[in-house]
Amino acid sequence: VQLQASGGGLVQAGGFLRLSCAASGRTFSSYGMGWFRQAPGKEREFVAAISWSGGSTYYADSVKGRFTISRDNARNTVYLQVNSLKPEDTAVYYCAAGALSGYSDPSNYAYWGQGTLVTVPA
């Protein structure tokens with residue numbers, strides 16, 4: 001599975017973006033998908049995840065109520081709608097595939113995209 005993240009950019013505080021992660025491979029619909037982020041000088045952290053069917057979603061406390069993860073298995077794409085952005089949301093956002101459980105643990109994902117940068121100036 002190859003993952004291509006896109007949709008990042010520079011946005012003012014309070015603004016929004018929609019991040020996309022397009023996957024290649026016929027097994028996309030079998031995998032749980034996740035979004036992680038890494039800010040400069042910080043460790044990679046869990047943001048959101050969605051089960052293979054889309055029936056279950058999981059969020060970090062810091063983004064609950066502001067971010068929404070969804071997937072379209074027909075298009076092999078997972079999305080992250082990011083609203084009410086804050087300067088502390090500035091990071092490179094990575095999508096990942098392959099988790100069947102333990103969605104917040106990056107070691108449970110077998111495949112990673114290259115990341116897309118989200119910048120929210122203070």
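By convention here, the first residue in the shown sequence is residue 1.
- Screening residues 90-122 for disulfide bond (SG atoms under 2.5 Å apart) gives Cys21-Cys95 as the qualifying pairs, with residues at least two apart or on separate chains.
- Listed by first and then second residue, the salt bridge (Lys or Arg N to Asp or Glu O under 4.0 Å) pairs involving residues 47-61 are Asp61-Lys64 (not counting sequence neighbours).
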Result block: side-chain N/O donor-acceptor pairs under 3.5 angstrom for residues 99-107, not counting sequence neighbours:
residue: Asp105; atom: OD1; partner: Ser107; partner atom: N; Å: 2.9
residue: Asp105; atom: OD1; partner: Ser107; partner atom: OG; Å: 2.8
residue: Asp105; atom: OD2; partner: Ser107; partner atom: OG; Å: 3.1

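- Heavy atoms only, all atoms of each residue included: Thr90 and Val120 are closest at OG1-N, 2.8 Å.
- Residue pairs that meet the side chain to side chain donor-acceptor pair (under 3.5 Å) test with at least one member in residues 50-60, sequence neighbours left out, do not exist here.
- A search for side-chain contact (heavy atoms from CB on, under 4.5 Å) contacts involving Ala110 returns nothing, not counting sequence neighbours.
- With sequence neighbours left out, Arg18 forms a side-chain hydrogen bond (donor to acceptor under 3.5 Å, both in side chains) with no residue at all.
- In this structure, Val118 and Val82 have side chains that are not in contact, with every pair of non-hydrogen atoms separated by 4.5 Å or more.
- For the salt bridge (Lys or Arg N to Asp or Glu O under 4.0 Å) test, residues two or more places apart in sequence or in another chain that qualify with Arg66 are Asp89.
- Nearest heavy atoms, Ala13 versus Pro87: CB-CD, 4.4 Å.
- Ala39 is linked by a side-chain contact (heavy atoms from CB on, under 4.5 Å) to Lys42, Ala91, counting only residues two or more places apart in sequence or in another chain.
- Contact between Ser20 and Thr77 at its shortest, heavy atoms only, is CB-CG2, 4.3 Å.
- The heavy-atom pair separating Ile69 from Met33 by the smallest distance is CD1-O, 4.1 Å.
- With sequence neighbours excluded, the residues that form a side-chain hydrogen bond (donor to acceptor under 3.5 Å, both in side chains) with Tyr93 are Arg37.
- Annotation: salt bridge (Lys or Arg N to Asp or Glu O under 4.0 Å) contacts of Arg44 (sequence neighbours excluded): none.
- Note on residues 29-49: pairs passing ring pair (Phe, Tyr, Trp, His ring centres under 6.0 Å), not counting sequence neighbours, are Tyr31-Tyr111, Phe36-Phe46, Phe36-Tyr109, Phe36-Trp112.
- Looking at Thr68 and Leu80, their side chains never come closer than 4.5 Å, going by heavy atoms from C-beta outward.
- Leu10 belongs to no hydrophobic cluster, as no Ile, Leu, Val, Met, Phe, Trp or Tyr side chain comes under 4.5 Å of its own.
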